[in-house]
**Q** 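I have a structure I would like to understand better, so I am pasting it below and will then ask my questions one at a time.
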Amino acid sequence: MSTRELTGGQIAVLVAAVAPMLAVGGLGGWATYTNVDAEFGRSETALGVVAAGEGLVLVLALVLVLLTMFGQTAPAVVRAGLWGAPIAATTVGLSVADTLTEAVVYAVTPMAMCGAAEGLGLVARRIVIYRTRHDAETARRNAAAARALAFHQARARSHPSRVARWHSQRTTWRLARVIGAGDTELSDELLNVQRARITEGADTALGAMMGSPAPAPAVEAPTPAPERHSAREVLRRRFAEMDPEDVIRVVGDAHPDAAPAELASLLIEHGVVVDAVDVVLVLGRPPARATLERDDADDANDDANDAPQVTPLPAPSKAAAILTAAEALGPDAKAADIVARVGRINGITTDAPYVRTVLSRARPTKKDQEQPRPMEGGYA
């Protein structure tokens with residue numbers, strides 16, 4: 001943020017205001033020095049009293065100006081000293097007086113230099129704030145009030161003690177009155193908001209008076225809700241875009257202990273039509289082995305009479321078993337009959353809805369039936 005420069009008129013007014021302050025401060029310091037010197041008769045003591053009272057006020061005021069110039073807040077000791085030093089100077093004046101009249105005069109005299117010192121410090125601080133557009137002390141007070149407000153709001157809402165909640169509720173309202181006090185930037189922003197609202201209100205009122213309708217507020221188009229798909233539909237679409245061998249490998253990795261026939265059934269359910277042989281060729285898994293034992297062999301010749309191990313044929317998948325049963329029972333077979341035959345012949349458990357689904361997928365469409373065969377009808 002750029003700094004503002006003082007104009008020639010402002011500089012002239014500042015000089016005219018600072019000159020009387022310097023004169024009053026000098027006269028007050030000289031008067032205090034004279035009073036103390038008259039009581040003690042030692043000029044060194046009088047100079048020490050002036051330096052400890054009015055001089056300390058001047059030093060603290062200059063420290064506050066320098067801290068403000070560097071964008072820093074004043075410590076609590078500096079702020080307390082600006083109040084305590086004038087009181088100390090007045091107390092010294094009261095203590096050295098012999099009569100009541102002298103006590104009143106000696107107590108008022110230090111106020112001249114103390115007031116001049118604090119006035120000069122305040123003017124210099126305001127010049128820095130005007131040029132830098134930043135008041136560190138105001139920001140400190142507002143930050144402290146905001147922290148206290150947040151604490152009391154939380155305590156008024158959640159503290160287990162009813163008395164503490166009651167106290168924090170009332171403290172919150174007191175803090176709300178002081179937040180933003182002295183913040184010129186906040187005041188400017190609030191005024192801009194108020195001006196915008198007044199302008200909008202005046203525009204609406206003039207439009208109603210002149211007969212022109214007020215502009216309708218813009219209505220945002222509703223955002224369409226995202227389309228939801230089941231997990232199986234998503235997998236069907238993704239598998240349809242992949243190579244069948246990659247799909248077989250993905251499903252095989254997901255079910256490492258499943259038999260080839262079971263993997264083929266899973267793949268058919270997800271839209272990839274394969275059989276157990278395809279799964280074995282892609283995955284290279286060895287087929288299941290079965291061991292047959294003869295009942296008529298003697299115990300001594302068990303090893304010699306054991307039947308050789310036979311590799312059974314791969315069991316058909318559920319869909320293949322359903323299609324085989326439907327072909328055996330004929331086109332008029334019912335789904336319940338197919339379910340019973342598959343369970344009896346193949347040992348596979350299924351239900352009527354799944355049978356109808358498999359049959360509907362395997363049935364050729366009307367378009368395929370009506371498509372003429374090549375060279376059908378002879379030559380023209």
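When reading the values below, keep in mind they use all heavy atoms of this one structure, side chains included, and skip hydrogens, waters and symmetry mates.
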**Q** Check whether any side-chain heavy atom of L62 sits under 4.5 Å from a side-chain heavy atom of L120, and report yes or no.
**A** no
**Q** Is there a side-chain contact between L149 and T172, using heavy atoms and a 4.5 Å cut-off?
**A** yes
**Q** Looking just at side-chain N and O atoms, do R174 and T171 make a donor-acceptor pair shorter than 3.5 Å?
**A** yes
**Q** Find out whether R131 and E5 are in side-chain contact, i.e. whether some heavy atom of one side chain is under 4.5 Å from a heavy atom of the other.
**A** yes
**Q** Looking at A333 and I338, what are the two nearest heavy atoms and their distance?
**A** CB-CG1, 4.3 Å
**Q** Under a 4.5 Å side-chain heavy-atom rule over Ile, Leu, Val, Met, Phe, Trp and Tyr, are L94 and V108 clustered together?
**A** no
**Q** Checking T357 side chain against P353 main chain: does a donor-acceptor pair fall under 3.5 Å?
**A** yes
**Q** Quick one: side-chain hydrogen bond (donor to acceptor under 3.5 Å, both in side chains) partners of T45, sequence neighbours excluded?
**A** R42
**Q** Walk me through whether V251 and V272 qualify under side chain to side chain contact (heavy atoms under 4.5 Å, CB included).
**A** CA-CA 11 Å; V251 177; V272 182; over 6 Å; no
**Q** Is the shortest heavy-atom distance from the side chain of T350 to the side chain of V358 under 4.5 Å?
**A** no
**Q** When you group the ILVMFWY residues by side-chain heavy-atom contacts below 4.5 Å and let the links chain together, are V57 and V24 in the same group?
**A** no
**Q** If you count heavy atoms of other groups shown closer than 6.0 angstrom to CZ of R238, is the number above 12?
**A** no
**Q** Check which hydrophobic residues are tied to V96 through side-chain heavy-atom contacts below 4.5 Å, counting indirect links as well, and list them.
**A** V36, F40, V49, V92, V105, Y106
**Q** For P86 versus G81, what's the shortest heavy-atom pair and its separation?
**A** CD-O, 4.1 Å
**Q** So with a 6.0 Å cut-off around CD of Q10, is the heavy-atom count from everything else above 12?
**A** yes
**Q** Check whether V123 and L22 end up in the same hydrophobic cluster, where Ile, Leu, Val, Met, Phe, Trp and Tyr are linked by side-chain heavy atoms less than 4.5 Å apart.
**A** yes
**Q** Can you name the nearest heavy-atom pair linking A112 to G28, along with the distance?
**A** CB-CA, 3.6 Å
**Q** Take atom CZ of R126 as the centre, draw a 6.0 Å sphere, and report whether it contains more than 12 heavy atoms from other residues, nucleotides or ligands.
**A** no
